[in-house]
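What follows is a single structure, written as structure tokens, with notes after it.
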Number of protein chains: 2
Amino acid sequence: MEAQTEPQAEARIPLSKERVLRAAVGLADEGGIGSLTMRRLAERLGSEPMSLYYHVANKDALLDGVADLILGEIIEATGKIEISSGDWKTVARQRILAAREILLRHPWAPEVIESRTNMSTSSLRYFDSLIGLLLEAGFSIDLAHHALHALGSRAMGFTQEMYDDSQPLDDEALEFFLEQVADEYPHITTMVKSISHDADTTLGWCDDQFEFEFGLDLILDGLERLRGKPN
Amino acid sequence: MEAQTEPQAEARIPLSKERVLRAAVGLADEGGIGSLTMRRLAERLGSEPMSLYYHVANKDALLDGVADLILGEIIEATGKIEISSGDWKTVARQRILAAREILLRHPWAPEVIESRTNMSTSSLRYFDSLIGLLLEAGFSIDLAHHALHALGSRAMGFTQEMYDDSQPLDDEALEFFLEQVADEYPHITTMVKSISHDADTTLGWCDDQFEFEFGLDLILDGLERLRGKPN
DNA sequence: ACCTGAACACCGTTCAAGT
DNA sequence: ACCTGAACACCGTTCAAGT
């Protein structure tokens with residue numbers, strides 16, 4: 001009924017699955033997925049590693065929960081975009097870009113989501129609503145199915161980039177391409193040269209947002225063309 | 001000059017970067033990427049963990065080397081498909097499907113390739129040749145650049161599947177969808193029901209090869225349509 | 001019901017040494 | 001030039017116990 005006589009009897013918030021998962025997201029947001037360990041998570045929560053195992057079966061289940069939590073954010077954001085607000089393509093586009101916005105705030109999340117072998121209830125809900133949108137727009141079940149595969153992770157707002165363009169391609173790297181290996185990779189050299197001539201390269205090599213939308217529209221337009229065809 | 005008098009003086013093959021990398025691939029092929037550890041790798045090579053570090057800077061460098069080795073296989077296979085053998089689309093298609101065939105033999109490889117932040121010389125070579133194909137077909141440099149982003153990992157023959165369909169969707173899971181959650185995920189239920197009615201579901205839920213080609217063609221056709229346009 | 005301490009079987013890697 | 005042994009700083013997790 002009364003605080004102990006212990007020196008610093010901080011109001012000790014008890015653990016809970018919710019609290020554990022939220023702390024895990026926080027840890028990953030700050031230091032990347034590599035910094036999310038059971039031991040560090042416990043430390044952040046002011047408890048002991050083994051205490052986590054009461055709320056979460058093991059690390060794999062922790063990651064399941066974390067993925068589900070992020071997908072929950074996505075569902076909340078995309079749920080607001082109603083089917084009534086336009087043709088299927090603009091609605092799908094808006095939803096996918098909304099999902100992307102959330103994932104941009106959790107750069108480690110795509111990797112975690114991808115690594116889950118079992119679909120969480122959140123991802124089932126997300127895909128169910130996307131399928132509903134397509135069927136309502138007149139897609140055959142088969143075409144809707146192919147559409148999901150064709151979109152792949154893009155349906156949830158992310159792509160796996162094959163090249164790291166996070167830093168602006170400094171002069172050293174540029175020099176490297178233009179002089180050192182121009183004859184070994186002539187076409188890449190041409191491309192790099194061309195891109196670096198374009199406006200603000202200070203932002204980084206490529207405009208990821210533009211490229212994401214370009215690829216997304218390519219697929220959505222292709223699907224629109226197949227919709228209604230006899231199949 | 002002569003074998004030692006030691007009991008079992010097996011012809012001791014000396015380590016080399018080549019041998020280390022090949023053994024690493026073998027280990028991953030057999031037990032997945034999780035089973036590739038420095039310690040197990042050393043054991044397989046009949047030497048000690050620390051011996052590996054003479055041939056490879058650290059585990060990250062090992063993975064770089066492994067990715068490069070697989071990409072080398074891909075270059076060898078795709079190099080045979082000449083530009084002269086058809087229009088750009090069929091050539092690109094053939095090359096990409098050839099790359100895919102190799103990756104199907106190393107299911108762990110996409111993840112490793114994706115995780116490399118620095119492009120290996122092999123991937124530079126692969127993309128250089130792909131860009132060359134596009135430019136020669138009349139793509140503008142910008143469109144070729146967008147094409148690479150739109151294809152993403154598909155350019156090297158893989159996609160990241162969002163749902164694990166490796167097992168054939170057993171009766172239990174089917175039952176689950178058809179009865180338990182039909183009203184919670186109505187559209188997924190419809191789709192699953194439809195797919196499970198189709199021919200040989202014994203092969204697994206989805207036909208990955210078909211879906212890969214469907215998505216690939218969607219993108220290639222879209223690019224073909226943009227090619228030649230004023231942009 | 002909720003949390004913990006000690007211990008185990010693993011990791012990758014440093015460092016100083018052996019041939 | 002090539003390899004090694006001992007040791008360190010980390011992991012996730014089992015198990016038996018505490019409140």
Side-chain angles (χ1 to χ4, degrees), chain A residues 1-6 8-25 27-28 30-67 108 111-112 115-117, chain B residues 1-6 8-25 27-28 30-67 108 111-112 115-117:
Chain A
M1 286 310 196
E2 208 177 345
Q4 290 293 104
T5 52
E6 309 278 331
Q8 26 77 278
E10 296 270 353
R12 182 86 150 71
I13 313 155
L15 290 180
S16 70
K17 185 163 184 185
E18 169 84 11
R19 229 163 80 74
V20 168
L21 294 181
R22 294 220 174 278
V25 168
L27 217 45
E30 286 166 29
I33 197 63
S35 69
L36 173 54
T37 71
M38 299 301 271
R39 296 172 120 99
R40 272 197 267 219
L41 183 53
E43 194 184 17
R44 148 147 328 195
L45 287 162
S47 70
E48 300 303 314
M50 286 316 300
S51 308
L52 304 176
Y53 286 81
Y54 185 81
H55 300 93
V56 125
N58 49 36
K59 186 162 187 192
D60 211 54
L62 174 76
L63 293 177
D64 281 342
V66 162
W108 48 270
E111 187 183 331
V112 173
S115 72
R116 301 301 85 204
T117 48
Chain B
M1 285 308 195
E2 207 178 346
Q4 291 291 105
T5 53
E6 307 277 331
Q8 26 76 279
E10 297 271 351
R12 182 81 150 72
I13 314 153
L15 289 180
S16 70
K17 185 165 184 183
E18 169 82 11
R19 229 163 79 73
V20 167
L21 294 181
R22 294 222 174 275
V25 169
L27 217 46
E30 287 165 29
I33 197 64
S35 69
L36 173 54
T37 70
M38 299 301 270
R39 295 172 121 100
R40 271 196 269 219
L41 182 53
E43 195 184 17
R44 149 148 327 194
L45 288 162
S47 71
E48 300 304 313
M50 286 317 299
S51 307
L52 303 176
Y53 287 80
Y54 185 81
H55 300 94
V56 123
N58 50 35
K59 185 161 187 190
D60 211 54
L62 174 75
L63 293 177
D64 281 341
V66 162
W108 48 271
E111 188 183 331
V112 172
S115 72
R116 303 299 88 203
T117 49

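So that the names make sense, note that chain A is the first sequence line, chain B the second, and so on, each numbered from 1. Values reported hereafter were calculated over all heavy atoms of this structure, with side chains retained and with hydrogens, waters and symmetry mates removed.
Atom pair A/Lys17:NZ and C/dA1:C1' shows a separation of 17 Å (rounding to whole Å applied). Atom P of nucleotide C/dC10 and atom CD of B/Glu43 are separated by 11 Å, given to the nearest angstrom. One atom, CG of A/Asp60, and another, C1' of D/dC11, lie 15 Å apart when rounded to the nearest Å. Atom P of nucleotide C/dC11 and atom CG of B/Leu62 are separated by 14 Å, given to the nearest angstrom. For the pair A/Arg39 CZ and C/dA6 P, the computed distance is 13 Å after rounding to whole Å. B/Lys59 has its NZ atom 12 Å from the C1' atom of C/dC10, to the nearest Å. Between B/Glu48 atom CD and C/dG18 atom C1' the separation is 13 Å, expressed in whole Å. Note: CE (B/Met38) to C1' (C/dC10) measures 15 Å, nearest angstrom.
The shortest non-hydrogen separation linking B/Pro14 to B/Arg19 is O-NE, 3.1 Å. B/Lys59 and B/Leu36 make their closest contact through NZ-O, 2.9 Å (heavy atoms, listed as atom of the first residue, atom of the second, distance). Of all heavy-atom pairs between A/Val56 and A/Lys17, the closest is CG2-CE, 4.5 Å.
Candidate nucleotides C/dC3, D/dT13, C/dT4 were compared by shortest atom distance to the side chain of A/Ser47, and C/dT4 ranks first. Distance from the side chain of B/Asn58 is smallest for C/dT13 among the nucleotides C/dC11, D/dC3, C/dT13. Here the nucleotide nearest the side chain of B/Leu15, chosen from D/dC3, D/dT13, C/dC3, is D/dC3.
A/Met50 comes within contact range of at least one nucleobase, with a heavy-atom separation under 4.0 Å. Counting any heavy atom pair closer than 4.0 Å across all strands shown, A/Ser51 reaches a base atom.
Taken to the nearest 0.5 Å, the CG atom of B/Leu15 stands 4.5 Å off from the OG atom of B/Ser47. Between A/Leu41 atom CG and A/Leu21 atom CG the span is 9.0 Å, to the nearest 0.5 Å. In this structure, CZ on A/Arg44 lies 5.0 Å from CG on A/Leu27, to the nearest 0.5 angstrom.
The shortest distance between the side-chain N/O atoms of B/Tyr54 and the OP1/OP2 oxygens of D/dC3 is not below 4.0 Å. Dashed line: the shortest gap from a side-chain N or O of B/His55 to OP1 or OP2 of D/dA1 is not under 4.0 Å. For C/dT13, the OP1/OP2 oxygens have a side-chain nitrogen or oxygen of B/Tyr53 closer than 4.0 Å. The side chain of B/Arg40 contributes an N or O atom lying less than 4.0 Å from OP1 or OP2 of C/dC11.
You'll find the side chain of B/Leu62 stays beyond 4.5 Å of the side chain of B/Leu52, heavy atoms only.
Looking at which nucleotide of DNA chain C each of B/Leu36 and A/Leu52 is closest to, the 5′-most match is held by A/Leu52.
Formation of a donor-acceptor pair under 3.5 Å by the B/Arg116 side chain with backbone atoms of B/Gly65 is not found in this model.
One C1' atom belongs to C/dC10, the other to D/dC8, and the distance between them is 15 Å to the nearest Å. On the P atoms, C/dC15 is 22 Å away from D/dC2, given to the nearest whole Å.
Remark: DNA chain D takes part in the stems C:4-8 with D:12-16, C:12-16 with D:4-8, each of 3 or more antiparallel Watson-Crick or G-U pairs, criterion distances under 3.5 Å.
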